[in-house]
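First the structure, in the form of structure tokens, and then the observations on it.
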There are 2 protein chains.
Amino acid sequence: MTQVRAMRADARRNYERLLKVAAEAFAEHGEGASLDDIAKRAGVGSGTLYRHFPTRRALLEAAYVDRVEGLARRADELAERLPPGEALTEWLYELCVGTIQVRGLGSLLGSAMAGTEGGVTPTVCGTRVRGAAERLVSAARGSGSVRGDVEPVELLRLAYGVAGAAELGGGGGASIRRYLTLLMEGLRG
Amino acid sequence: MTQVRAMRADARRNYERLLKVAAEAFAEHGEGASLDDIAKRAGVGSGTLYRHFPTRRALLEAAYVDRVEGLARRADELAERLPPGEALTEWLYELCVGTIQVRGLGSLLGSAMAGTEGGVTPTVCGTRVRGAAERLVSAARGSGSVRGDVEPVELLRLAYGVAGAAELGGGGGASIRRYLTLLMEGLRG
DNA sequence: ATACCGTACGGAGGGAGTCCCCGGTTCGCG
DNA sequence: CGCGAACCGGGGACTCCCTCCGTACGGTAT
């Protein structure tokens, strides 16, 4: 439905430069990074930016789609290598790390995990990350590492919360592990 | 140390109007509410606002000091009425509710729970809320509802995280209770 | 009761940013 | 090589923050 015709070469160049610069800017300044500044740093006019990405959210999502899909693939990788419970915990850990270190990614994931009651159109990132969580959680249930009455999306939200908690403390990866462990102990089957 | 001399009557009036309006505005729009707008709604010029509260944080803190002290008193009240474990859980629940419903209060509490490693001057709100948590946690430890190796401030941060998680889902008080329960089960002695 | 002094007020205004649009210009596909 | 697609970058309309300074009013001393 998108992309009715191939992009012109310069358009494609600019598009990709914008994505790269945007990913950096959002990582550093969070969701609210200056769009004019992103355009400037990418060496394009602001008009060009708005033509490719009509809204801030569109740019944010495009900038991190790769990363989110990587996260989803990583889930399957971990599922193969580790026992179900550990795979889940490790994946949530990496999710938290991304949420904290890359600030814009955090808000993107946040809205991906938000409720979809009000007929909100599900985003690509949302479906990817939810799908990954479902696969890991159902395996973990089988092995008794997670109670049967905990929904995958609830776990995602709790992990998001853990990231928020760890961010306050500032203890880095160690405090994420700690908080996540405390949480997972409460979820055993 | 403050208040070397009584405020003039009009100054006091304005001061209090500002506090009231600011509490509403921060509750609705979060920490970033427009200061010009607050001044306007309070019927004062923006200069007056800045004279009383030199920074946004100063206003935010002044607007919610009462509420935070109320929360601290509430801790002692609950401690008298309920068994230690329940008192702690209930208090954390009420903390989460405030964090979510009153958005500005959320960010204030957030920074109150943040790390103080870098010689940050502890705020009034920070000491109050930490003090309350310490009293409740030490009682709860005695009764075995909380493991001995969990610091009060860690619990505060985790509760803050739970609030964030519950906010994503939008299930209101019920989801706070649920997430908090899941968490507390992992913390038993 | 009044006059004086200084505190506190108001709101205009400059600077910074954001978003979006427009007109002329350049690029590159066919 | 021609023409349409895409670019550039400046500018307008907005919002927000914060400072400044002439002015008004409250409190007090007479």
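Protein chains get the first letters and strands the later ones, always in sequence-line order, with residue 1 at the start of each.
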**Asked** Hey, quick one: are B/Leu156 and B/Val97 part of the same hydrophobic cluster, counting side-chain heavy atoms closer than 4.5 Å, chains of contacts allowed?
**Response** yes
**Item:** Euclidean distance, atom CG of residue B/Asp36 to atom P of C/dG14 [Å, nearest integer]
**Value:** 16 Å
**Message:** Rounded to whole Å, please give me the gap between CZ in A/Arg17 and C1' in D/dC7.
**Reply:** 14 Å
**Pairing of B/Arg56 and B/Glu61 as salt bridge, 4.0 angstrom limit** = no
**Prompt:** Does A/Asn14 have a side-chain nitrogen or oxygen under 4.0 Å from the phosphate oxygens OP1 or OP2 of D/dA6?
**Reply:** no
**Fill in**
In 5'-to-3' order, the base (B), backbone-only (S) or no-contact (-) status of each nucleotide in nucleotides 25-30 of chain D, using a 4.0 angstrom heavy-atom cut-off, is BSS---
**Asked** Same cluster or not: are A/Met113 and A/Tyr93 linked, directly or through other Ile, Leu, Val, Met, Phe, Trp or Tyr residues, by side-chain heavy atoms under 4.5 angstrom apart?
**Response** yes
**Request:** Give a yes or no on whether B/Ile176 and A/Val150 share a hydrophobic cluster (residues Ile, Leu, Val, Met, Phe, Trp, Tyr; joining criterion: side-chain heavy atoms under 4.5 Å apart).
**Result:** yes
**Request:** Decide whether A/Val124 and A/Val129 are clustered together by the hydrophobic rule: side chain heavy atoms of Ile, Leu, Val, Met, Phe, Trp, Tyr closer than 4.5 Å, transitively.
**Result:** no
**Asked** Going only through I, L, V, M, F, W and Y residues with side-chain contacts under 4.5 Å, is there a path from B/Val153 to B/Leu108?
**Response** no
**Candidates B/Leu35, B/Leu19, B/Ile38, B/Thr48 - the one meeting side-chain contact (heavy atoms from CB on, under 4.5 Å) with B/Phe53** = B/Leu19
**Request:** Using a cut-off of strictly less than 4.0 Å between a heavy atom of the residue and any atom of DNA chain C, enumerate the qualifying residues of residues 48-63 of chain A by number.
**Result:** A/Tyr50, A/Pro54, A/Arg56
**Message:** For A/Asp76, give me all partners under side-chain hydrogen bond (donor to acceptor under 3.5 Å, both in side chains), at least two apart in sequence or on another chain.
**Reply:** A/Arg135
**Fill in**
Those residues at least two apart in sequence (or on a different chain) that pass side-chain hydrogen bond (donor to acceptor under 3.5 Å, both in side chains) with B/Arg130 are none
**Message:** We want to know whether B/Arg57 and B/Ser111 form a side-chain donor-acceptor pair, criterion being a heavy-atom distance below 3.5 angstrom.
**Reply:** yes
**Asked** What distance separates A/Glu167 CD from A/Thr99 OG1, expressed to the nearest 0.5 Å?
**Response** 9.0 Å
**Prompt:** Judged by atom type as modelled, is there a donor-acceptor pair below 3.5 Å linking the side chain of B/Thr89 to the main-chain atoms of B/Gly85?
**Reply:** yes
Restricting to nitrogen or oxygen on both sides, can you table the protein-nucleotides 12-15 of chain D pairs closer than 3.5 Å?
none

**Message:** Expressed as a whole number of angstroms, how long is the span from A/Asp37:CG to D/dG9:P?
**Reply:** 15 Å
**Asked** For the base of C/dC20, is there a side-chain donor-acceptor partner from A/Ser46 under 3.5 Å away?
**Response** yes
**Prompt:** Can you check the A/Lys40 NZ to C/dT18 C1' distance for me, whole Å?
**Reply:** 12 Å
**Request:** Measure from the side-chain heavy atoms of A/Ala11 and tell me the nearest of D/dA6, C/dC9, C/dG10.
**Result:** D/dA6
**Asked** Heavy atom of residues 18-33 of chain B under 4.0 Å from DNA chain D: which residues?
**Response** B/Ala33
